[in-house]
Amino acid sequence: MSSGERALLSAVAEYSKLVVAFSGGVDSALLVVAARKALGRENVHAVTADSASLATGEAAHCRSITDRWDIHWSAVATAEFDDQRYVDNNADRCFWCKSALMDAVEPIAVESGAQVALGVNVDDLGEHRPGQEAARERGAVFPLVEAGLRKSDVRQIAKNWGIEVWDRPAMPCLSSRIPYGTSVTVALVSRIDRAEAALRALGFIDVRVRHYQDTARIEVPASDLPRAVELAQHIDADVKAAGYRYVTLDLAGLRSGNLNDALA
């Protein structure tokens, strides 16, 4: 067992019961599996936010992971779209999103005498993520941070443990595709969802459709750019069918969180 694995299991074991906010990505997957190992099935509950900002198929994906690892799972409705502060989509949007998540998850934790835990790693601390502050203010804990794990450590431990999403690309919420200052609506994230689903159907696993009114700016990893050019006609037709008038390809390639550049 590596030092990182021992540190993680030790950090998790500090809590008698955990309710893990489970997105299905590698961070939350490693956290919930570690909790299952350290605390036992009866003391772990994985909860996934059932939200319009969750991409199609993600809830089923979360269920499949927890089924495989014999972890109690449920989906819970969140109400961030009812909060005008979230809809306004200013730089603190993620704060209000995470507040809505905590509103939904806290009662579950209180009922079972558990602590709410999020899959935040050390690398996340240096990014613009106001949602972390919202969760921390509400008493959520970050065991991956307590164990000193960076993203590379998370992926390596997940691989060692055979967690199927160890190399899965990040899948941020659909609202993160919308520039700050443009209101977030259910109709808009649904359009983005349809466009990205069409691109995944064409074989692009790691992809973002950035929304700019009637223009979709597509980001794929630089290594996928030649294939995107080859499939330009298919991409153009499919993304327009999702509701866009113009379709562009970002030649700089995918950069996660690059809409935060506007904050500078």
Hey, is [X] close enough to [Y] for a salt bridge, meaning N to O under 4.0 Å?
| X | Y | result |
| --- | --- | --- |
| D250 | R255 | yes |
| D167 | K159 | no |
| K151 | D123 | no |
| E111 | K17 | no |
| D206 | R208 | yes |
| R227 | E230 | no |
| E106 | R138 | yes |

State, without any angle test, whether W69 and E164 hold a side-chain donor-acceptor pair at a distance under 3.5 Å.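 E164 and W69 do have a side-chain donor-acceptor pair below 3.5 Å.
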
How about S190 and R194: does a side-chain donor come under 3.5 Å of a side-chain acceptor? yes

Is there a side-chain contact between D238 and L202 in this structure, where contact means two heavy atoms from C-beta onward sitting under 4.5 Å apart? yes

Does some side-chain heavy atom of W73 sit less than 4.5 Å from a side-chain heavy atom of H45?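 No, side chains not in contact.
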
In this structure, CG of L54 is separated from CE of M171 (nearest 0.5 Å) by 9.0 Å

Once rounded to the nearest 0.5 Å, what's the spacing between atom CD of E80 and atom OG of S99? 10.5 Å

Around E42, counting heavy atoms of other residues, nucleotides and ligands shown, do more than 12 lie under 6.0 Å from its CD?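 Yes, the 6.0 Å shell around CD holds more than 12 heavy atoms from other groups.
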
Is the Lys NZ or Arg CZ of K37 less than 6.0 Å from the centre of W161's six-membered ring, within 45° of the axis?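 Judged by the rule, K37 and W161 form a cation-pi pair.
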
